[in-house]
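Please read the structure below before turning to the comments.
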Amino acid sequence: MTPDNWFVAQLKPNGLNEARRNLDRQRFRSFVPKRQETRRQRGKLVSKDVSLFPGYIFVRFDPEQPGWIAINNTRGITRLVLPRPNRPTPLPRQLMAGLMARCDENEHLAAASAFQEGDEVRVVSGPFANYVTKIEKIEDGDRLRLLFDIMGQLTKVTVPSVDVERLAS
């Protein structure tokens, strides 16, 4: 996918799949970056894909061509998010290029490679989901060694870097 002429559309509640189906039928390209998160449901750990921007979808179109206004009437979509309704302005190309470069072909966000030892992170996937800790060591193969306090015992755990997110400083 190229970073040209991408716009944001607001989704109706639970409208992602319907919006994607209908945008495809209308020959509009869509992009929904996501990551895998693990959450506890009824005492069990459940992993699922979660959108990076819940409630929104990126749509590519040429604003000079007629027909883009149909996106506002697409099932699953509430509206295009535009500063000026009659004259759409695409998102900055650098923003979209950077976002797309970090995603694989299935739109899953790859790990940020700029982790440093001592960074505070939250585990987003796996058995340690939602734990907050610091990176003790960065190991080969894009894996991170984290130090957890589990029942008063310090435990070293190695996890893939895609399973953590850096917390704001």
Side-chain angles (χ1 to χ4, degrees), residues 1-115 119-126 128-132 142 159-169:
M1 279 191 224
T2 61
D4 300 340
N5 295 325
W6 285 94
F7 302 84
V8 177
Q10 185 178 15
L11 296 167
K12 291 184 178 175
N14 299 314
L16 176 61
N17 292 332
E18 185 177 30
R20 287 203 99 157
R21 242 187 345 267
N22 289 301
L23 288 168
D24 285 345
R25 284 186 195 137
Q26 296 174 64
R27 293 183 171 48
F28 290 110
R29 297 282 307 263
S30 62
F31 176 63
V32 181
K34 54 192 168 260
R35 69 171 177 209
Q36 189 152 97
E37 280 196 5
T38 303
R39 294 188 179 154
R40 235 175 249 291
Q41 285 183 339
R42 297 185 202 121
K44 293 184 181 180
L45 294 174
V46 178
S47 293
K48 69 178 197 172
D49 288 342
V50 178
S51 175
L52 283 180
F53 306 100
Y56 296 93
I57 186 171
F58 294 99
V59 182
R60 187 174 84 181
F61 63 87
D62 183 354
E64 301 298 321
Q65 298 295 318
W68 63 265
I69 198 77
I71 295 170
N72 282 326
N73 297 318
T74 299
R75 288 179 185 241
I77 292 181
T78 301
R79 65 183 176 92
L80 277 168
V81 179
L82 302 172
R84 295 176 301 191
N86 297 331
R87 191 169 193 122
T89 305
L91 292 166
R93 288 184 178 176
Q94 298 85 353
L95 170 77
M96 291 307 296
L99 191 55
M100 291 175 156
R102 293 237 3 243
C103 291
D104 64 16
E105 64 277 355
N106 296 320
E107 300 178 339
H108 284 98
L109 189 68
S113 58
F115 286 115
D119 282 351
E120 191 171 37
V121 295
R122 180 176 76 89
V123 181
V124 296
S125 183
F128 297 100
N130 295 320
Y131 275 89
V132 174
D142 221 16
V159 299
S161 60
V162 295
D163 287 354
V164 302
E165 71 179 1
R166 183 182 349 231
L167 296 177
S169 298

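For the numbers below, each heavy atom of this structure counts, side chains included, while hydrogens, waters and symmetry mates do not.
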Taking the side chain as every heavy atom from C-beta outward, state whether [X] and [Y] have any atom pair closer than 4.5 Å.
X: V164; Y: R122; result: no
X: P90; Y: D4; result: no
X: V50; Y: K34; result: no
X: P88; Y: L82; result: yes
X: F53; Y: V8; result: no
X: F28; Y: T74; result: no

Reported [atom1]-to-[atom2] distance for the pair [X] and [Y], which is rounded to 0.5 angstrom:
X: S30; Y: W6; atom1: OG; atom2: CH2; result: 6.5 Å
X: L167; Y: D119; atom1: CG; atom2: CG; result: 9.5 Å
X: D163; Y: E37; atom1: CG; atom2: CD; result: 10.5 Å
X: Q26; Y: R21; atom1: CD; atom2: CZ; result: 12.5 Å
X: N5; Y: R29; atom1: CG; atom2: CZ; result: 13.0 Å
X: R35; Y: C103; atom1: CZ; atom2: SG; result: 11.5 Å

Looking only at heavy atoms, what is the nearest atom pair of [X] and [Y], with distance?
X: N22; Y: R25; result: OD1-NH1, 3.0 Å
X: V121; Y: F115; result: CG1-CE2, 4.0 Å
X: M96; Y: F31; result: CE-CD2, 3.9 Å

With distance as the sole test, does [X] use its side chain to make a donor-acceptor pair with the main-chain N or O of [Y] at under 3.5 Å?
X: N106; Y: H108; value: no
X: R75; Y: E18; value: no
X: N72; Y: L80; value: yes

Taking Y56 as the fixed residue, which of V32, V81, I77 is the one that meets the side-chain contact (heavy atoms from CB on, under 4.5 Å) rule?
V81
Indicate whether the side chain of R20 and that of N17 have a donor and an acceptor atom separated by less than 3.5 Å.
no
